[in-house]
Amino acid sequence: MQYHGLLEKYGALLNLPSHTRPITLLEGNTPLIPAAHLAHEMGGGFELFIKYEGLNPTGSFKDRGMTAAISEAAGRGVTTVICASTGNTAASAAAYASRAGMKSIVLIPQGKVAAGKLAGAVAYGAQVVQIDGSFDDALTMVVEISKQHPIALVNSINPYRIEGQKTSAFEICDALGHAPEWLCLPVGNAGNITAYWAGFRQYNDLKWTGLPRILGVQAAGAAPLVLGHPVERPETVATAIRIGKPARGEQALEAAEESDGRIIAVSDDEILHMQKILAQREGIWVEPASAAGLAGLAREIAAGSLNPRGKRIVAICTGHGLKDPEIVTRSMERPVVVPPRLDALEEALLGEQRPR
Ligand code: AN7
């Protein structure tokens, strides 16, 4: 059967108004990749799968919610959409708005958006405004301006974003035949964890697929849900989740509690280490924020507070590594430069061992 995108495949399960006019880039349908080497590295004895959301059309999971939000907006004749973003929402909104013939405006925190995301927003034709402040400041501003002007808000406060993002939970259950025992994922503005929990509950009501326990993971420098209060100046290398006042924080805490899971924080070092071993052991390169869920899983297993034995665990990797190339290149050793001669290449590769 040909794939026509998420609204075609799962639209009947999504609470979208009848005026919705599908705008799709054939998002979703992402692979659930077994990660046996990584599971072994964490102690083994369980099945680990990576839901590789970086393979969506604009390189992140945001496309799932965006096809729904833009389709709804298109159906009621919206001409301009706006969002605040740490980068991925901006790129996704810009792409889907272009496809719908709309103008998009994106507000980003100055100097804190990864190169691949900003480039995406510009390439797709968004009007980009930098805010000399945080993501949280930018979000407050777009909420206000969308109340006062005929501009539709497409942040995950928009309920249709959550509807679209539920589809990843459906896909996981369809692929495994039931829900995994644990689901781990990064948490920033908390739209995604909210959507997964809603999606798993809905599928369980319909098809008895069971429910996962949810491990939500924040970066230690931006962990309001772990600290129990907003963070005024969030700071982390994982700029995607550099968020101090999550819009759906309450719902994230509910998802963790109702699922008998929890929300924890990991350090930037743990995030970068996990990003590296995921790429170097499994061939899956994700942006730093996307490694946070797995870093949290590794920490919980190592501490003995999560027993993975015999379980199926799914880690959501939300964005592609290409979104943030500088995080890798700025700390790498410069590759050697060799003149274009075979003997020089042999010398560089083999040193003294080279055949004479
Ligand atoms: C790669 O783009 O908030 O908890 O403005 O880009 O649903 O916010 C991005 C968030 C995880 C956190 N991983 O998801 C934005 C933005 C990646 C992300 C998250 C984001 P939420």
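In each ligand, atom 1 is the first atom listed, and ligand 1 is the first ligand listed.
- Ligand 1 places these atoms under 4.0 Å from at least one heavy atom of I243: 3 (O).
- Of all heavy-atom pairs between R213 and D260, the closest is NE-O, 2.7 Å.
- Scanning all protein heavy atoms for the shortest distance to atom 13 (N) of ligand 1 gives T318 OG1, 2.6 Å.
- Side-chain atoms of E270 and S267 form a donor-acceptor pair, as typed in the model, at a separation below 3.5 Å.
- Of the protein's non-hydrogen atoms, the one nearest atom 6 (O) of ligand 1 is N88 ND2, 2.7 Å.
- Using a 30° and 60° split on the angle between ring planes, Y10 and Y203 fall in the perpendicular class, above 60°.
- When only interatomic distances are considered, the shortest N/O to N/O separation between K117 and ligand 1 does not fall below 3.5 Å.
- When heavy-atom distances to ligand 1 are checked against a 4.0 Å cut-off, E287 comes that close only through its side chain, counted from C-beta outward.
- For A190, every heavy-atom contact with ligand 1 shorter than 4.0 Å involves the backbone, none the side chain.
- Closest protein heavy atom to atom 7 (O) of ligand 1: N192 N, 2.8 Å.
- Shown in contact with F135 at under 4.0 Å from a heavy atom are these atoms of ligand 1, numbered in order with element: 5 (O).
- Salt-bridge annotation for K245 and E232: present, with a side-chain N of the basic residue lying under 4.0 Å from a carboxylate O of the acidic one.
- The side-chain heavy atoms of P212 and F200, taken from C-beta on, include a pair separated by under 4.5 Å.
- T194 does not count as a contact of ligand 1, since none of its heavy atoms falls under 4.0 Å from the ligand.
- Remark: ligand 1 and G191 share an N or O pair separated by less than 3.5 Å (distance only, no angle test).
- Annotation: G188 places an N or O atom under 3.5 Å from an N or O atom of ligand 1; distance criterion only.
- The nearest protein atom to atom 5 (O) of ligand 1, hydrogens excluded, is given as T86 N, 2.8 Å; this is a heavy-atom distance.
- For atom 18 (C) of ligand 1, the nearest protein heavy atom (residue, atom name, distance) is A240 CB, 3.5 Å.
- If you number the atoms of ligand 1 from 1 as listed, the ones under 4.0 Å from a heavy atom of P186 come out as 11 (C), 13 (N).
- Of the options E163, E27, E171, a salt bridge (charged side-chain N to carboxylate O under 4.0 Å, His left out) to R64 is made by E171 and by none of the others.
- Using a 4.5 Å cut-off on side-chain heavy atoms (C-beta onward), I145 and I82 make contact.
- With ligand atoms numbered from 1 in the order given, ligand 1 contributes 4 (O) to contacts under 4.0 Å with heavy atoms of V187.
- Here the heavy atom of the protein found nearest to atom 20 (C) of ligand 1 is F61 CE2, 3.8 Å.
- A salt bridge links E287 and K117; the closest N-O separation between the charged side-chain nitrogens and carboxylate oxygens is under 4.0 Å.
- Residue contacts with ligand 1 for S60 are absent, since no atom lies close enough (heavy atoms, distance under 4.0 Å).
- In terms of N/O distances under 3.5 Å, ligand 1 is not approached by S290.
- Between the side chains of D137 and S134, at least one donor N or O sits under 3.5 Å from an acceptor N or O.
- Residue, atom and distance of the protein heavy atom nearest to atom 10 (C) of ligand 1 are K62 NZ, 3.2 Å.
- No side-chain donor-acceptor contact under 3.5 Å links T236 and R242.
- Only the side chain of I241 comes within 4.0 Å of ligand 1, counting heavy atoms alone; its backbone N, CA, C and O stay farther away.
- Only one option out of N56, N88, T58 pairs with D63 in a side chain to side chain donor-acceptor pair (under 3.5 Å); it is T58.
- No side-chain heavy atom of I105 sits under 4.5 Å from any side-chain heavy atom of V81.
- Summary of contacts: the protein heavy atom closest to atom 8 (O) of ligand 1 is N189 N, 2.7 Å.
- Two residues are said to be in side-chain contact when any heavy atoms from C-beta on lie closer than 4.5 Å; Y160 and L16 meet this criterion.
- Contacts of L185 with ligand 1, taken as heavy-atom pairs under 4.0 Å, are absent altogether.
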